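Take a look at the structure set out below.
Small disclaimer: the values here were computed from a predicted structure and weren't measured. Worth knowing before you read on, the calculation uses all heavy atoms, side chains too, and leaves out hydrogens, waters and symmetry mates. Note on naming: letters A, B, ... go to the chains in the order of the sequence lines (proteins, then strands), and numbering restarts at 1 for each one.
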Amino acid sequence: DAGVIQSPRHEVTEMGQEVTLRCKPISGHNSLFWYRQTMMRGLELLIYFNNNVPIDDSGMPEDRFSAKMPNASFSTLKIQPSEPRDSAVYFCAGGPRVTGELFFGEGSRLTVL
Amino acid sequence: KQEVTQIPAALSVPEGENLVLNCSFTDSAIYNLQWFRQDPGKGLTSLLLIQSSQREQTSGRLNASLDKSSGRSTLYIAASQPGDSATYLCAVLYSGAGSYQLTFGKGTKLSVIP
């Protein structure tokens, strides 16, 4: 298995633009998390899906952020409109719900100018 | 709300030394605890997973222990090598009352000096 695949790896955009980050989890893993990592705040949970259903989105900072998981093999995190303070590394992670073990993607580094 | 603390924030040791990284958490009703390694510019790599019913896990030169009652976990690295230099994060999974929360510490940045 290729592991958790995220795209793009790097994104530079201007304030106000829409950003879409993508994630392909490992086949068979029914839990999926989106995290944001910054130097100041460390890793912050944004949203958690179980079996494609959003269970906890209390970490989504504002209405500008939205996440979807239309099927077990694909998830997106969208920011519209983007702001400079959204600059961070966004990680997708997934794993089997029964063990709680997590496998991370390589992350998408977002820079909003 | 679960809080996870890792001390120290940074650690520098000479090659060959044994070392211990610490992780503490506030809510002892955890589902599991996981130790990760993160290299600069990379994602997190799972090192060891300890379920709530377990006391320790071992993988090669790594040994992780869990004491739920005191809210502590340690990661022991034997005979450290320069390749062990990375940031080590612990994460606590809390599952209850319909929620499923994984909370990370801010990590310990380890430098192993040749």
Tell me whether A:E18 contacts the main-chain N or O of A:K78 through its side chain, where contact means a donor paired with an acceptor under 3.5 Å. no
Need one label for B:L89: side chain, backbone, both or neither, based on atoms under 4.5 Å from any heavy atom in chain A. side chain
Keeping the roles fixed (side chain from A:T111, backbone from A:S87), state whether a donor-acceptor pair exists under 3.5 Å. no
If you count heavy-atom pairs within less than 4.5 Å of chain A, which of B:L102, B:T45, B:L93 leads? B:L102
Contacting region of A:R9 [heavy-atom separation from chain B under 4.5 Å]: side chain
Any donor-acceptor N/O pair, B:E15 side chain to B:P114 backbone, under 3.5 Å: no
Part of B:K106 within contact of chain A (heavy atom distance under 4.5 Å): side chain
Among the listed options A:G59, A:G42, A:G100, A:G107, the residue most often paired with chain B at heavy-atom distances under 4.5 Å: A:G100
For the CD atom on B:Q81, are there more than 12 heavy atoms of other groups (residues, nucleotides or ligands in this structure) within a distance under 6.0 Å? yes
To the nearest 0.5 Å, how far apart are CD in B:Q51 and CG in B:L66? 10.0 Å
Quick check on the structure: residues of residues 32-39 of chain A within a heavy-atom distance below 4.5 Å of chain B, by number. A:F33, A:Y35, A:Q37
Applying disulfide bond (SG atoms under 2.5 Å apart) as the test, list every pair that has at least one member in residues 74-103 of chain A; sequence neighbours left out. A:C23-A:C92
Could you tell me whether the side chain of A:F103 reaches within less than 4.5 Å of the side chain of A:H29, counting heavy atoms only? yes
Please check if the number of heavy atoms outside A:N71 that lie under 6.0 Å from its CG is greater than 12. yes
Could you label the plane-to-plane angle of the B:F36 and B:F104 rings as parallel, tilted or perpendicular, counting under 30° as parallel and over 60° as perpendicular? tilted
Answer with side chain, backbone, both or neither: which region of B:L49 has an atom nearer than 4.5 Å to a non-hydrogen atom of chain A? side chain
Please look at A:S31 and chain B and tell me whether the side chain, the backbone, both or neither of the residue comes under 4.5 angstrom of a heavy atom of that chain. side chain
